[in-house]
Amino acid sequence: MASATARAPRTPTVAQLRAFVAVAEHRHFREAAAATGTSQPALSGAVAALEESLGAQLVERTTRRVIITPLGERVLGHARRVLAALQGLTEEVEAARRPFTGPLHLGVIPTVAPYLLPNVLRLVRDRYPELELHVHEERTPSLLEGLAGGRLDVLLLALPAGGGSPTRDIPLFDEDFVLVTPPGHPLAGRVDVPRDALLDLDVLLLEEGHCLRDQALDICREIGADPGSNTRAAGLSTLVQLVAGGLGVTLLPATALDVEAGRADRLAAVRFAAPAPGRRIGLATRPGSARSAEYDRFAASLREVLAELPVRIVQ
């Protein structure tokens, strides 16, 4: 049983740990003092205070050099890790104080990622080279969960973001939906088709979990149409192939048209009469985020580079 009078070790100070690490690295008090810019008595006193705090001898002092005790070697490993962690903390806070530096976890929905990411990545590379961008392509419910839990910092998705947790939405642009049909379809190539034309069409949809599916269903409900098809696709690329195969028609965002419809020569685009159905795309962040001003500036830069796409920028 330990003695009732035994004193519990006291927590070392950062200065004590730095002094001990310097002595261990140089194995000489005078050289360690010179390397750290302190006097030799101050350095020696800090190491002695560390030994007193821990109640253990860490250093054997000889006339020529310093020897680190076996226990001192173990303490040295801990000291280095503590000092490295403190340095990392300092660097991270400093990076956070400087906008567009350090890691940024961006969540993007699948019906946006392939069509906007080239512009986003070019923007980050050219204007924010110190920003460590990490892209996460996930469906809306997963993105909102990641944002609320702190796994993601900002989302690029259809607005309003919705979900169970509040978000701060920053609009970027509005875009129209385009009806994609086989080239021989009666509507192929028209630019003035009313929405109620969908009443007589078999509209193919994405599978559950995609916000674009919900938006397409909303359009159908507005005019009393029933998509009616049991065919579902996991992505827009599959949808357009199904259309090319004659299984029906589908709705594509205008930003996806060149990429997806351009892959097949068996497709035709149909434009709706104004006001065309569409969606709004923007950023979503946590309310009160410390980086809110940075996200606003990022949104402004995004509007500049996305203006070249077939969209209407929202200022």
Side-chain angles (χ1 to χ4, degrees), residues 87-161 163 165 167-175 210-212 235-237 252-260 262 278-315:
Q87 179 65 23
L89 183 151
T90 302
E91 291 175 354
E92 184 167 341
V93 171
E94 178 60 25
R97 292 172 56 191
R98 293 181 290 120
F100 305 109
T101 60
L104 179 70
H105 291 269
L106 172 67
V108 191
I109 56 175
T111 58
V112 162
Y115 321 113
L116 268 61
L117 276 181
N119 301 71
V120 175
L121 296 177
R122 184 172 67 249
L123 169 67
V124 172
R125 183 185 65 245
D126 294 345
R127 297 195 191 181
Y128 312 121
E130 295 186 64
L131 189 66
E132 301 171 20
L133 184 65
H134 303 271
V135 177
H136 306 258
E137 184 185 22
E138 303 170 21
R139 298 181 187 181
T140 301
S142 177
L143 292 180
L144 292 172
E145 181 181 350
L147 182 68
R151 176 173 61 86
L152 302 175
D153 299 312
V154 61
L155 310 180
L156 180 57
L157 75 177
L159 299 180
S165 300
T167 59
R168 175 174 176 259
D169 296 347
I170 310 172
L172 296 175
F173 64 82
D174 294 326
E175 65 174 327
H210 288 279
C211 61
L212 184 56
L236 294 182
S237 297
L252 284 185
T255 50
L257 183 62
D258 287 345
V259 174
E260 299 300 346
R279 65 178 182 176
R280 172 164 288 187
I281 299 298
L283 301 178
T285 69
R286 286 182 295 277
S289 170
R291 303 177 76 174
S292 291
E294 182 178 344
Y295 297 145
D296 287 337
R297 291 172 57 188
F298 186 51
S301 297
L302 281 174
R303 292 187 190 101
E304 292 179 23
V305 300
L306 297 177
E308 63 189 53
L309 300 177
V311 301
R312 296 181 298 280
I313 297 299
V314 179
Q315 297 295 341

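We number each residue from 1, following the sequence as shown. Small disclaimer: the values here were computed from a predicted structure and weren't measured.
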Quiz item: When rounded to the nearest 0.5 angstrom, what is the spacing between CG in Leu302 and CZ in Phe173?
Solution: 9.5 Å
Self-check item: Inter- and intrachain pairs under salt bridge (Lys or Arg N to Asp or Glu O under 4.0 Å), touching residues 114-125, at least two apart
Solution: Arg122-Glu308
Exercise. Enter the distance from His134:NE2 to Leu152:CG here, rounded to the nearest 0.5 Å.
Key: 11.5 Å
Self-check item: Note, Glu175 side chain near Leu257 side chain (heavy atom, < 4.5 Å)
Solution: no
Exercise. Kindly indicate whether the side chain of Val124, heavy atoms from C-beta on, has any atom under 4.5 Å from the side chain of Phe298.
Key: yes
Quiz item: When you look at CD of Glu137, are more than 12 heavy atoms from neighbouring residues, nucleotides or ligands closer to it than 6.0 Å?
Solution: yes
Self-check item: Test item: Arg127 and Phe100 side chains (from C-beta on) under 4.5 Å apart, heavy atoms
Solution: no
Exercise. Could you tell me the separation between the CG atom of Leu106 and the CG atom of Leu283, rounded to the nearest 0.5 Å?
Key: 7.5 Å
Quiz item: Please walk me through it: do Leu155 and Leu144 pass side chain to side chain contact (heavy atoms under 4.5 Å, CB included)?
Solution: CA-CA 8 Å; Leu155 310 180; Leu144 292 172; 3.8 Å; yes
Self-check item: Distance (rounded to the nearest 0.5 Å) between Ile109 CD1 and Glu138 CD
Solution: 12.0 Å
Exercise. Drop me the distance from Leu116's CG to Leu121's CG, to the nearest 0.5 angstrom.
Key: 10.5 Å
Quiz item: How far apart are the closest heavy atoms of Pro103 and Asp153, and which atoms are they?
Solution: O-OD2, 4.2 Å
Practice problem: Keeping the roles fixed (side chain from Arg303, backbone from Pro171), state whether a donor-acceptor pair exists under 3.5 Å. | Solution: yes
Self-check item: Any Leu236 side-chain heavy atom under 4.5 Å of Pro253 side chain
Solution: yes
Quiz item: Can you list every salt bridge (Lys or Arg N to Asp or Glu O under 4.0 Å) pair that touches residues 99-116, not counting sequence neighbours?
Solution: none
Quiz item: Above 12 or not: heavy atoms from other molecules or residues under 6.0 Å from CZ of Arg168?
Solution: yes
Practice problem: Report the C-alpha separation of Tyr128 and Leu133 in whole Å, then their side-chain angles, then the decisive distance to 0.1 Å, and conclude whether the side chain to side chain contact (heavy atoms under 4.5 Å, CB included) test is met. | Solution: CA-CA 10 Å; Tyr128 312 121; Leu133 184 65; over 6 Å; no
Practice problem: Check whether any side-chain N or O of Asp169 sits under 3.5 Å from a backbone N or O of Ala284 as a donor-acceptor pair, and report yes or no. | Solution: no
Quiz item: Rounded to the nearest 0.5 Å, what separation is found between the CG atom of Asp258 and the CG atom of Leu309?
Solution: 9.5 Å
Quiz item: Do any N or O atoms from the side chain of Ser289 and from the backbone of Arg291 form a donor-acceptor pair under 3.5 angstrom?
Solution: yes
Quiz prompt | Closest non-hydrogen atom pair, Thr140 against Ala161 | solution = CG2-O, 4.3 Å
Practice problem: Using atom types as modelled and distance alone, determine if a side-chain donor or acceptor of Arg286 lies under 3.5 Å from a backbone N or O of Leu147. | Solution: yes
Quiz item: What are the two closest non-hydrogen atoms of Pro114 and Pro110, and how far apart are they?
Solution: CD-O, 3.1 Å
Quiz item: Given the rule in the side chain to side chain contact (heavy atoms under 4.5 Å, CB included) test, do Glu294 and Val154 qualify, once you have shown the distances and angles that lead to the verdict?
Solution: CA-CA 11 Å; Glu294 182 178 344; Val154 61; over 6 Å; no
Exercise. Write down the atom of Asn119, the atom of Val305, and the distance for their closest heavy-atom approach.
Key: ND2-O, 3.3 Å
